[in-house]
Amino acid sequence: MRFVFWIVGLFALAVLIGLASTLNTGYAILFVPPYRMEVSFNLLIVAIVVLILLAYGALRLIGIAANLPAEVRTYQRQKKLKASRHALREAALAMFEGRYQRAEREALKSIDDEYSSDNQALALLIAARSAASVGDNAKRDGYLSRLESMPERSQLARHMVEAQIRMDAKQPLEALAAIERARAISSNLTSALRLELKIRLMLKQPEQVLQLTEKLLKADALEADRARRYRLAAYRQQLAGFTSEQEIRSWLKRIPEVERQNPDLVSDAAKQLITLQAYGQAAELIAGALSNDEQATPELARELGMLAEHIDSPRRLTLMRDAENWLKSRPRDHMLLLALGRLARAEQLWGKAQSYLEASLSIQPTLCAHAELQQLFASTGKEEKAAQHQALALEIALSQGC
């Protein structure tokens, strides 16, 4: 429809021009001595218009010809730039695919013909990460040093990549220095905080680990389950540094109640107390955990039984009474029965010890229970039964690959 309107309009314009030319009967005289020429005024107007159009066309062609070298250079530049950005995309894809040598090669291709400093920085980051992944530390450090001259807006990415590279290379101090530089640019960057958390744990700095864990939890940047694992690791590192029973007592009062109820942490604290020969405190700590059905574990019951020979008689008797009460809610806890048998044997309550140990065996035969019965019968002069349990203990040990 639009085409039809144009055709009708052009025809109408031609008709108007034709009518106008019939009305104009004038003429023009061109006098160039000794010549004189008379032409129609309408023809003169047409000639002038044609002349103007020809002049414009000639000037246009001259301009195009003059600009042709620049156009060729621009075309070649655009072609190289297109190839450069294609190489950058290929480098990124190759890195994510795990083809690090190809990623480094494509990244280097994209740098020379790229005028954008941001894209150059991105190519260097890819090259550095790829070189680190294949273990070429010299190239890795070279790419990272070239990034120093890049614009300020790319420095945060540089520090984060360097921190990750250093941590993967088991260089925690260098990784921490890179993280500190990143945090100087963006102090609350959660990805930097998460990476710092891992580095601090690697460096065995439990106080900083606990602080960072709480900070990330408040920012909803760390899952509760993972935060608990980080706390447990930090508490274990703190435990390993204690050299006295009083330090452990004070530490147990400081940590949150929910962490004190963690059976793994209780077990670690008890082991550290045993290392310091604080057997009474270790037994008290384990007993507190075993009194809670949700906190009690077979491992804690086993450790309580192993303390039987190291604690005094009044404490053993108290523990036996408590354990018998715990047994009412956990009658098939074979490790708790084993602990009771060990406590009773340490008190030379032979009958009770035998009944508890045999009850433990009836639920689950274990090497420890057979060994305890062997020692019990050997102590009471029942050599035949002692030999039987020794043979059964040996059979279990061999079946477990001893």
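By convention here, the first residue in the shown sequence is residue 1. What you see is a predicted model; the values in this text were computed from it and never measured. Computed over heavy atoms, backbone and side chain alike; hydrogens, waters and symmetry mates excluded.
Residues W326 and S291 are in side-chain contact: their nearest non-hydrogen atoms beyond the backbone lie under 4.5 Å apart. Considering only heavy atoms from C-beta on, H389 comes within 4.5 Å of L361 through its side chain. Side-chain contact between Q237 and Q205 is absent, with no heavy-atom pair separated by less than 4.5 Å. The closest side-chain heavy-atom distance from R183 to I179 is below 4.5 Å. Side-chain contact check for E299 versus P263: every heavy-atom pair is 4.5 Å or farther apart. By the 4.5 Å heavy-atom criterion applied to side chains, P365 and L392 are not counted as neighbours. Between E106 and L93, the closest side-chain pair of non-hydrogen atoms is not below 4.5 Å. Looking only at side-chain heavy atoms (C-beta outward), R330 and L290 come within less than 4.5 Å of each other.
Counting non-hydrogen atoms of other residues, nucleotides and ligands closer than 6.0 Å to CD of E395 gives a total of 12 or fewer. Heavy-atom contacts from other residues, nucleotides or ligands closer than 6.0 Å to CZ of R77 number more than 12. Within 6.0 Å of CE on M306 lie no more than 12 heavy atoms contributed by other residues, nucleotides or ligands. No more than 12 heavy atoms of other residues, nucleotides or ligands sit less than 6.0 Å from atom CD of E294. The number of heavy-atom neighbours closer than 6.0 Å to CD of E223, taken from other residues, nucleotides and ligands shown, is above 12. When the shell of 6.0 Å around NZ of K79 is examined, it contains 12 or fewer heavy atoms from other residues, nucleotides or ligands.
Between the side chain of R194 and the backbone N or O of A221, at least one donor-acceptor pair lies under 3.5 Å. Of the possible donor and acceptor atoms, none in the side chain of Q120 sits under 3.5 Å from a partner among the backbone N and O of M150. A donor-acceptor pair is defined here as one N or O able to donate and one able to accept, closer than 3.5 Å; such a pair exists between the side chain of S379 and the backbone of Q375. For Q155 (side chain) and L147 (main-chain N/O), a donor-acceptor pair under 3.5 Å exists by modelled atom type. The backbone N or O of A359 sits less than 3.5 Å from a side-chain atom of S362, completing a donor-acceptor pair.
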Run the numbers on L285 and L252 for side chain to side chain contact (heavy atoms under 4.5 Å, CB included), then give the verdict.
CA-CA 10 Å; L285 183 63; L252 286 169; 4.0 Å; yes
Yes or no on salt bridge (charged side-chain N to carboxylate O under 4.0 Å, His left out) for R166 and D141, after CA distance, side-chain angles and deciding distance?
CA-CA 11 Å; R166 301 295 185 187; D141 294 340; 3.4 Å; yes
Take R129 and D168 through the test side chain to side chain contact (heavy atoms under 4.5 Å, CB included) and record every step on the way to the result.
CA-CA 11 Å; R129 194 74 183 86; D168 293 344; 2.9 Å; yes
L193 and L197: CA distance, side-chain angles, deciding distance, side chain to side chain contact (heavy atoms under 4.5 Å, CB included) verdict
CA-CA 6 Å; L193 292 173; L197 179 61; over 6 Å; no
One pair to check against side chain to side chain donor-acceptor pair (under 3.5 Å): E372 and Y356. What are the steps and the verdict?
CA-CA 11 Å; E372 289 290 331; Y356 284 133; over 6 Å; no
Pair E104, Y143 - check side chain to side chain contact (heavy atoms under 4.5 Å, CB included), show working.
CA-CA 10 Å; E104 182 184 358; Y143 298 138; 2.7 Å; yes
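Classification of R229 and D225 as a salt-bridged pair holds, one side-chain N sitting under 4.0 Å from a carboxylate O. Taking a cutoff of 4.0 Å between a charged side-chain nitrogen and a carboxylate oxygen, E90 and K109 do not qualify as a salt bridge. A salt bridge is defined here as a Lys NZ or Arg NE, NH1 or NH2 lying under 4.0 Å from an Asp or Glu carboxylate O, and E148 with R158 meets this definition. For the pair E347 and K352, the salt-bridge criterion is not met [side-chain N within less than 4.0 Å of a carboxylate O].
Closest of all the heavy-atom pairs between A283 and I311 is CB-CG2, 4.2 Å. Summarising the geometry of A157 relative to L125, their closest heavy-atom pair is CB-CD1, 3.8 Å, with the distance given to 0.1 Å. Residues R102 and A94 approach most closely at NH1-CB, 4.0 Å, considering heavy atoms. Between A323 and L340 the shortest heavy-atom distance is CB-CD2, 3.5 Å. Across all non-hydrogen atoms, the minimal contact from S110 to A87 is CB-CB, 4.1 Å. Taking both residues in full, the closest heavy atoms of L319 and A287 are given as CD2-CB, 3.7 Å, listed atom of the first, atom of the second, then distance.
Rounding to the nearest 0.5 angstrom, the gap separating the CG atom in N67 from the CZ atom in R73 is 10.0 Å. Between atom CG of residue L122 and atom CG of residue L88 there is a gap of 5.0 Å, rounded to the nearest 0.5 Å. Here the CD atom belonging to E174 is positioned 10.5 Å from the CD1 atom belonging to I199, to the nearest 0.5 angstrom. A distance of 11.5 Å separates CG of L307 from CD of Q281, quoted to the nearest 0.5 Å. Here the OH atom belonging to Y279 is positioned 5.0 Å from the NE2 atom belonging to H310, to the nearest 0.5 angstrom. Expressed to the nearest 0.5 Å, how far CD of Q348 lies from CG of L376 amounts to 10.5 Å.
Side-chain contact annotation: D268 with Q272, donor-acceptor N/O pair under 3.5 Å absent. Side-chain contact check for Q261 and E257: at least one donor-acceptor pair (N or O, by modelled atom type) lies under 3.5 Å.
None of K253, R254, E247 except one satisfies the side chain to side chain contact (heavy atoms under 4.5 Å, CB included) rule with S250; the exception is R254.
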